[in-house]
Chemist: 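Starting off with a structure, shown below.
The figures that follow rest on heavy atoms only: side chains count, while hydrogens, waters and symmetry mates do not.
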Amino acid sequence: MKIRILRKDFSRNKIITATLFVFIMLAAMLVSGAAHIVVTLFGSIDSLFTRSHAPHYVQMHAGELNQADIDAFASSNELVKDPSDSIHARHQRRIYLPRG
């Protein structure tokens with residue numbers, strides 16, 4: 001019975017049915033495109049952090065900063081690298097001259 005009602009509706013209102021179908025297809029394409037963009041964005045952010053070798057920070061205190069304690073921790077911990085050996089520090093030492 002429902003199929004018969006749908007057939008009659010399609011035969012009577014062909015333009016409206018076709019227009020509605022086109023809009024539903026456009027909405028589905030927009031949703032799938034947005035989902036693809038979100039997945040690509042999260043993948044690129046993950047790749048960016050992997051390639052940039054972002055440093056890890058340790059919160060040692062709450063309150064005033066005690067540089068002596070931080071230096072003692074950094075020198076005694078083998079996982080803490082010397083900041084002068086980092087890629088960022090080497091990049092800052094370069095001298096860029098203007099082209100001209």
Chemist: Could you grab the distance from atom NZ of K14 to atom CG of D9, nearest 0.5 Å is fine?
Modeler: 12.0 Å
Chemist: With respect to T19, which candidate in I15, T17, V22, I16 satisfies the side-chain contact (heavy atoms from CB on, under 4.5 Å) definition?
Modeler: I15
Chemist: Counting heavy atoms not belonging to L48, are there more than 12 under 6.0 Å from its CG?
Modeler: yes
Chemist: Of the non-hydrogen atoms in A72 and S75, which two are nearest, and what is the gap between them?
Modeler: O-OG, 3.1 Å
Chemist: Verify, without hydrogens or angle tests, whether S11 (side chain) and R7 (backbone) share a donor-acceptor contact under 3.5 angstrom.
Modeler: yes
Chemist: Under 3.5 Å, sequence neighbours excluded: what are the donor-acceptor pairs made by side chains of residues 23-41?
Modeler:
unit_1, atom_1, unit_2, atom_2, d
S32, OG, A28, O, 3.3
S32, OG, M29, O, 2.9
T40, OG1, H36, O, 2.8

Chemist: Under 4.5 Å side-chain heavy-atom separation, chaining through any Ile, Leu, Val, Met, Phe, Trp or Tyr, what else clusters with I5? Say none if it is isolated.
Modeler: M1
